[in-house]
Number of protein chains: 2
Amino acid sequence: MDEQYQPYLHLLLHLAKNTKLYGRRETSTMKLAEETKSSQQTISRKLQEMDDLGLIERKVTLTGITLLLTAAGIHVLEDLHEECEALFEHQSSIEGEIISGLGEGKYYVRLYRDRIQKSLHFRPFYGTLNIKVDDATLRKILLAKGKVTIEGFKTRNRTFGKVFCWKTAIGGSITGAIILPDRSTHKNVIEVIAPVNIRKKLKLENGGKVQCRLK
Amino acid sequence: MDEQYQPYLHLLLHLAKNTKLYGRRETSTMKLAEETKSSQQTISRKLQEMDDLGLIERKVTLTGITLLLTAAGIHVLEDLHEECEALFEHQSSIEGEIISGLGEGKYYVRLYRDRIQKSLHFRPFYGTLNIKVDDATLRKILLAKGKVTIEGFKTRNRTFGKVFCWKTAIGGSITGAIILPDRSTHKNVIEVIAPVNIRKKLKLENGGKVQCRLK
DNA sequence: ATTACTACACACCGAGTAG
DNA sequence: TCTACTCGGTGTGTAGTAA
């Protein structure tokens, strides 16, 4: 993004929406002021400046203003779009290193099995694939859309906390889920479950890399 | 886009690129000032303000600053991304009404045939499909990427002008091209050519609508 | 009705500099 | 070194108003 256009981005985006990028719009500085929650004077000045910068074409009429985005104006938005695309491109891709589990996972999956089936609509294999990921990847997962929460429960003897899940394609083929306990004990390790034995099916070994895709 | 974040967008985008959205970055106000072509003081102030707004997490260290985008900060960029997506969503789609040609097209395609084959890599059927489009659609085509120019030429008797072409899928199936003479005589009418007789193959009639997809 | 000028207040930028 | 303060010059928003 070219920083010189920063003060105009909000208005430019508004105009782009109004003109469907390529069209012409008959409007008035007052209408635009209302729509963008600023003053008629500010709109008038900004439109003049955007005209001077070559971002829009502007014709003053008796009843208002007719506006049109120029190729340059559209290009500013295209650039912005591309920058955003680049940012979110690898949005759903997760990569990490397979590590050996402690067998704990197996124990818990068994306990949560019915709840998992209810929330994620599959019957999990009783083993988890443990993947070590970096901080950024962990944050990516935690902030990802499509989070499913499995509520905790109590037995006579102890309390089991809630678990968060994200539906995931593992290794590009198996459909399963990443699960993270609300109060995780091991940092930077995610557990992945699926209806099948992932480790066996994908012939994975400790230390190897594996890709998942959030969905 | 929320207009209150406008002054921070440039810096926020810069930080997003640096942190790959989810990561942490150790940097300094001076480095960021250089990278974004502003002053150390401005960066310092803006980072404080972005922290106050909850867009970033900021930790001052002995050697500089450690930065992290918050969920809110990422969300601002997600919103921006979605707005851009919406703008460019129908970017490549062209729609118009079929009108009867004057037989002129046929004459010209025959003359330009070899040049068309060389530039567009297909041998055109000797007839054009005439489509009436609105102003915005015409502008969309003219500003579209992938424009191919066929240079004009002279014969003993007269001069033939250059022609602009855009590769296009017609009706979702036929691959052809939209062609527009440099000096078009009929306004808002585009001509479409293909290796086959489009009108016959798609069973099109005058007055009907047809969709094309630029590519 | 409009647009857009002038005038003024407030916000913002960046040089200098303290901590 | 670093961050971040003060402060003066400039930029930006809006009320009033002319055209």
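Residue numbering restarts at 1 for every chain, and letters A, B, ... go by the order of the sequence lines. Just so it is clear, the structure is predicted and the values come from calculations on it, not from any experiment. FYI, side chains are in, hydrogens and waters are out, and symmetry mates aren't considered; it's all heavy atoms of this structure.
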When you check the phosphate oxygens OP1 and OP2 of [N], does a side-chain N or O of [X] lie under 4.0 Å from one of them?
| X | N | value |
| --- | --- | --- |
| B/Thr29 | D/dT3 | yes |
| A/Lys46 | D/dG13 | yes |
| A/Gln48 | C/dT3 | no |
| B/Arg58 | D/dA4 | yes |
| A/Arg45 | C/dA4 | no |
| A/Thr42 | D/dG13 | no |

Distance in angstrom units between [X] [atom1] and [N] [atom2], rounded:
| X | N | atom1 | atom2 | value |
| --- | --- | --- | --- | --- |
| B/Glu26 | D/dT3 | CD | C1' | 16 Å |
| B/Gln40 | D/dA4 | CD | P | 9 Å |
| A/Ile43 | C/dA4 | CD1 | P | 12 Å |
| A/Lys31 | C/dT3 | NZ | C1' | 14 Å |
| B/Leu32 | D/dC2 | CG | P | 12 Å |
| B/Ile65 | D/dT1 | CD1 | P | 17 Å |
| A/Glu34 | C/dT2 | CD | C1' | 15 Å |
| B/Glu3 | D/dG13 | CD | P | 12 Å |

Q: Look at the rings of A/Phe160 and A/Tyr112 and say which category their plane angle falls in: under 30° parallel, 30 to 60° tilted, over 60° perpendicular.
A: perpendicular

Q: Using side chain to side chain donor-acceptor pair (under 3.5 Å) as the criterion, point out the one residue from A/Arg139, A/Lys140, A/Gln91 that pairs with B/Tyr22.
A: A/Gln91

Using a 4.0 Å heavy-atom cut-off across all strands, classify [X] as base, sugar-phosphate, or nothing.
| X | result |
| --- | --- |
| B/Thr63 | sugar-phosphate |
| B/Ser28 | sugar-phosphate |
| A/Thr61 | nothing |

Q: Could you check A/Thr27 against B/Tyr8 and say which one's nearest nucleotide on DNA chain C is further toward the 5' end?
A: A/Thr27

Q | Identified salt bridge (charged side-chain N to carboxylate O under 4.0 Å, His left out) counterpart of B/Asp51 within the set B/Lys59, B/Lys46, B/Arg58, B/Arg45 | A | B/Arg58

**Q.** Any donor-acceptor N or O pair under 3.5 Å, side chains B/Asp134, B/Asn188
**A.** no

Q: From the options A/Ile94, A/Ile198, A/Ile178, select the one residue that forms a side chain to side chain contact (heavy atoms under 4.5 Å, CB included) with A/Ile170.
A: A/Ile198

Q) Nearest nucleotide by nearest heavy atom, which residue falls closer to the 5' end of DNA chain D, B/Met30 or B/Gln41? A) B/Met30

